[in-house]
J.: 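Let me begin by handing over the structure; questions about it come next.
Atoms within each ligand, like the ligands themselves, are counted from 1 in listed order. These numbers were taken from a predicted model, which means no experiment stands behind them.
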Amino acid sequence: MENTKLVMIPGPTPVARSIQDEMGRETVAFKDADFVKDFKGLVKDLKEMWKTDGECFVVAGTGTMAMEMAIANTTKHGDNVLVVSHGYFGDRFIDMCERKDLNVDVISSEWGKVVSVEEIEKKLSEKEYAVVTITHVDTSTGVKAPVEEIAKMVRKFDNTLLIVDGVCSTASEREYVDDMGIDVLLTGSQKAFGVAPGLAILWAGSRAIERRKSFTTIPESYIDFEKWIPIMNDPMKYWGTPPINLIWALKESVRLIKEEGLENRFERHLRDAKAMQMALESLGFKILAQEGHRAVSLSNVIYPEGIDDAQFRKILAEEGVVVAGGLGAYAGKMFRLGHMGNIDSHHLVCVIAAIERALYKLGVKVELGKGVGVLMSELLG
Ligand SMILES: Cc1ncc(COP(=O)(O)O)c(C=O)c1O
């Protein structure tokens, strides 16, 4: 009998049964009174839980569209933008901004390392930037940026807004928008919210909303904050058809998060990530991200000498666990393992046990149960 497949890539993440059920409901009219009430309640919860008096947008699209929406509403032709990059997704802002005729400066780290707050501050002291972009967790490297410290520092620069890409961090890491001084936080539904792909979610604080209002118009239409604000405040109004079932699914995800408690969820992710990373290290793997700056949502795991990436991931999939390959220079040298969203200790134990079986089948000398033992001691400790 084949093993059940656990999809443990860094997004989409496993979708809980109750969330799947919301996606399977019969679709109603978008002006249906109950749906309108659900949508309104969802936006209110998202604003309250992520602590902003600004606006929250829930729009059909992906994380990349959310990145574009953030840039489009906070910059105008010729503005300076500082992109702080810890990998492939940080770099994604570069082309996006250059296409808009923005003047882009980039500070990037060697993959696995973190850019210092001092380096960013130095750059901001040299010229005026309309926007700084930072990827909270870059999925290509598993590096977590010190967003709270960066946000505090950026606030010294009156005309500079901070955009935080939370696609691989939101709902697993603390990102309280107004309290922390984030101007725009953006994410997608498919990662730590544990919903299927298809929703872009953005929070915009008052400074970002003011910035958009300072432009008469922007070239983009679908992703214009001004088009969506009336809908987010009253979903009876229309701009683009809301993805009704995904909105219900996100509402169920938020209900689960409230039940768990957002702070408890952050602590769970931290505990699980530490345990997973220690278990992987006990089996001879290395974690790419430098200590102290490791993501809790995923691990970027470098193979020990002599393991073939394609063969390992094929056997691991046969053992029931699907992981993603490395990107850029780490393709073939690393795999990426998601451990975020609505997963529990069954998932974690199964993953480490399947990795041990895959190593064993590849002929690697492995003490069976070692990784599982480390994992469980850490989870219980
Ligand atoms: C950190 C980060 N930013 C942006 C994106 C792009 O999101 P999407 O694939 O939903 O467009 C991803 C996707 O994995 C990501 O991990």
Side-chain angles (χ1 to χ4, degrees), residues 7-15 57-72 81 83-97 99 106 108-109 111-112 114-115 131-147 150 162-175 182 184-203 220 222-223 243 246 249-250 253 269 273 288-289 293-301 322-328 330-331 334-341:
V7 179
M8 301 300 287
I9 61 173
T13 60
V15 180
F57 304 89
V58 179
V59 178
T62 74
T64 308
M65 194 198 74
M67 292 165 71
E68 195 135 33
M69 189 162 172
I71 295 290
V81 171
V83 171
V84 181
S85 176
H86 294 116
Y88 177 87
F89 289 102
D91 288 352
R92 186 168 280 204
F93 275 114
I94 302 171
D95 173 61
M96 194 178 272
C97 291
R99 282 165 183 250
V106 183
S108 34
S109 61
W111 277 32
V114 76
V115 173
V131 154
V132 177
T133 70
I134 180 83
T135 312
H136 198 167
V137 167
D138 201 301
T139 323
S140 62
T141 55
V143 168
K144 173 168 69 178
V147 160
I150 294 172
L162 179 67
I163 294 176
V164 176
D165 171 349
V167 175
C168 199
S169 55
T170 305
S172 71
E173 288 283 358
R174 258 172 219 96
E175 290 167 338
I182 296 170
V184 181
L185 171 67
L186 63 97
T187 193
S189 48
Q190 75 274 23
K191 302 229 176 193
F193 275 107
V195 172
L199 284 177
I201 307 154
L202 279 94
W203 293 259
E220 296 81 359
Y222 178 67
I223 55 175
L246 277 174
L250 183 63
S253 162
H269 276 83
L288 173 63
H293 296 281
R294 289 183 179 171
V296 299
S297 49
L298 86 160
S299 296
N300 296 44
V301 189
V322 180
V323 296
L327 296 173
Y330 284 90
M334 177 175 89
F335 71 93
R336 294 178 303 135
L337 171 68
H339 33 73
M340 69 186 120

J.: Taking 4.0 angstrom as the limit and counting only heavy atoms of Thr135, give me the atoms of ligand 1 inside it, by number and element.
T.: 1 (C)

J.: Measuring from atom CD1 of Ile163 to atom CE of Met69, what distance do you get when rounded to the nearest 0.5 angstrom?
T.: 11.5 Å

J.: Do any N or O atoms from the side chain of Thr141 and from the backbone of Gly112 form a donor-acceptor pair under 3.5 angstrom?
T.: no

J.: Which value, rounded to the nearest 0.5 Å, describes the distance between Glu220 atom CD and Met65 atom CE?
T.: 11.5 Å

J.: Would you call Gly63 a ligand 1 contact, heavy-atom distance under 4.0 Å?
T.: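 Flag set, Gly63 near ligand 1.
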
J.: Can you tell which part of Lys191 has a heavy atom less than 4.0 Å from ligand 1: side chain, backbone, both or neither?
T.: side chain

J.: Drop me the distance from Asp165's CG to Phe93's CZ, to the nearest 0.5 angstrom.
T.: 5.0 Å

J.: Please determine whether any non-hydrogen atom of His136 lies less than 4.0 Å from an atom of ligand 1.
T.: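 Outside the 4.0 Å threshold, so no.
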
J.: Heavy-atom contact under 4.0 Å between Asp138 and ligand 1?
T.: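 Distance cut 4.0 Å: Asp138 fails for ligand 1.
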
J.: Any N/O of Thr62 closer than 3.5 Å to an N/O of ligand 1?
T.: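 Among all N and O atoms of Thr62, at least one is under 3.5 Å from an N or O of ligand 1.
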
J.: In the protein, what heavy atom is nearest to atom 6 (C) of ligand 1, and what distance, to one decimal place, separates them?
T.: Thr64 OG1, 3.4 Å

J.: If you count every heavy atom of other residues, nucleotides or ligands that lies below 6.0 Å from Tyr88 atom OH, does the total exceed 12?
T.: no

J.: Can you measure from NE2 (His339) to CG (Leu298) and round to the nearest 0.5 angstrom?
T.: 6.0 Å

J.: Checking a contact table here: which protein heavy atom is nearest atom 3 (N) of ligand 1, and how many Å away?
T.: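 For this ligand atom, the closest protein heavy atom is Asp165 OD2, 2.6 Å.
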
J.: Would you check the N or O atoms of Arg92, main chain and side chain alike, for any that come under 3.5 Å of an N or O of ligand 1?
T.: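 Looking only at distances, the answer is no, because the N/O contact criterion of under 3.5 Å is not met.
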
J.: Identify which of Phe93, Tyr88, Phe89 has a heavy atom lying nearest to atom 2 (C) of ligand 1.
T.: Phe89

J.: Could a heavy atom of Met67 be found less than 4.0 Å from some atom of ligand 1?
T.: yes

J.: When rounded to the nearest 0.5 angstrom, what distance separates CD in Glu175 from OG1 in Thr170?
T.: 3.5 Å

J.: In Å, rounded to the nearest 0.5 Å, how long is the span from CE of Met340 to OG of Ser299?
T.: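 It is 10.0 Å, given to the nearest 0.5 Å.
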
J.: If hydrogens are left out, which of Val137, Ile9, Thr139 has an atom nearest to atom 16 (O) of ligand 1, that is, the closest non-hydrogen atom?
T.: Thr139

